[in-house]
Amino acid sequence: DAGVIQSPRHEVTEMGQEVTLRCKPISGHDYLFWYRQTMMRGLELLIYFNNNVPIDDSGMPEDRFSAKMPNASFSTLKIQPSEPRDSAVYFCASSPPGPVNQPQHFGDGTRLSIL
Amino acid sequence: AQTVTQSQPEMSVQEAETVTLSCTYDTSENNYYLFWYKQPPSRQMILVIRQEAYKQQNATENRFSVNFQKAAKSFSLKISDSQLGDTAMYFCAFMKTNAGKSTFGDGTTLTVKP
């Protein structure tokens with residue numbers, strides 16, 4: 001089992017640029033989550049999908065953020081245009097279907113720095 | 001809405017000793033799941049232990065055990081025989097039954113000292 005795979009591991013870019021973070025969930029998992037982690041705000045859930053459908057995007061900070069899941073094995077989180085305050089570690093996680101609630105499996109995260 | 005509170009932002013313990021991390025939560029649900037996750041400096045978050053609310057017996061995984069007090073809505077994590085590799089941030093999380101997402105606490109940074 002390869003685990004949740006995120007890319008890139010680090011991203012440094014200038015403000016105003018478009019940033020795309022990628023995630024490959026564990027095969028067979030039907031939930032996918034995007035989190036943002038900062039010292040100030042801790043771990044925040046941005047959005048999550050079930051069977052490729054966005055279920056709750058209330059954590060997405062603003063319209064500059066968008067997430068897609070075109071198929072069961074791939075998701076992207078896009079920031080356009082990026083701002084310095086978007087600097088954080090972004091985690092993707094996935095979890096398998098029921099019948100009992102399952103813990104989430106996290107990727108290694110993408111450390112994003114916006115200059 | 002559920003809330004999860006970890007009242008200890010930072011803790012430290014000597015190697016080989018025992019430490020307890022606290023977690024309380026607020027919910028009106030009767031059936032739910034609780035988790036402790038560990039995030040070492042390498043960043044990847046991994047599951048440490050889980051507890052189903054309908055089970056009265058406290059979960060145990062080797063050196064890790066929980067003290068689940070449903071009436072008090074408390075879910076503390078006990079680490080016995082602490083090891084240097086236990087140094088990490090620990091997150092408590094709550095999940096309603098049949099819910100997709102979890103609610104996480106703010107985390108407790110644990111340092112194990114040699």
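Every chain is numbered from 1 and lettered A, B, ... according to where its sequence line falls, protein lines coming before strand lines.
Between B:Y37 and B:F35, the ring-plane angle classifies as tilted under the 30° and 60° cut-offs.
There is no contact between B:Y32 and chain A, counting heavy-atom distances below 4.5 Å. For A:Q37, the part sitting under 4.5 Å from any heavy atom of chain B is the side chain, from C-beta outward, and nothing else. Neither the backbone nor the side chain of A:I55 comes within contact range of chain B; no heavy atoms are under 4.5 Å apart. For a residue to count as touching a neighbouring chain, one of its non-hydrogen atoms must lie under 4.5 Å from one of that chain's; by this rule A:D56 touches chain B with the side chain only.
Salt bridge present: A:E62 and A:R85 bring a charged side-chain N and a carboxylate O closer than 4.0 Å. Under the 4.0 Å criterion applied to side-chain N and carboxylate O atoms, A:R64 and A:E83 are assigned as salt-bridge partners.
Within the 3.5 Å criterion, the main-chain N or O of A:D108 finds a donor-acceptor partner in the side chain of B:R43.
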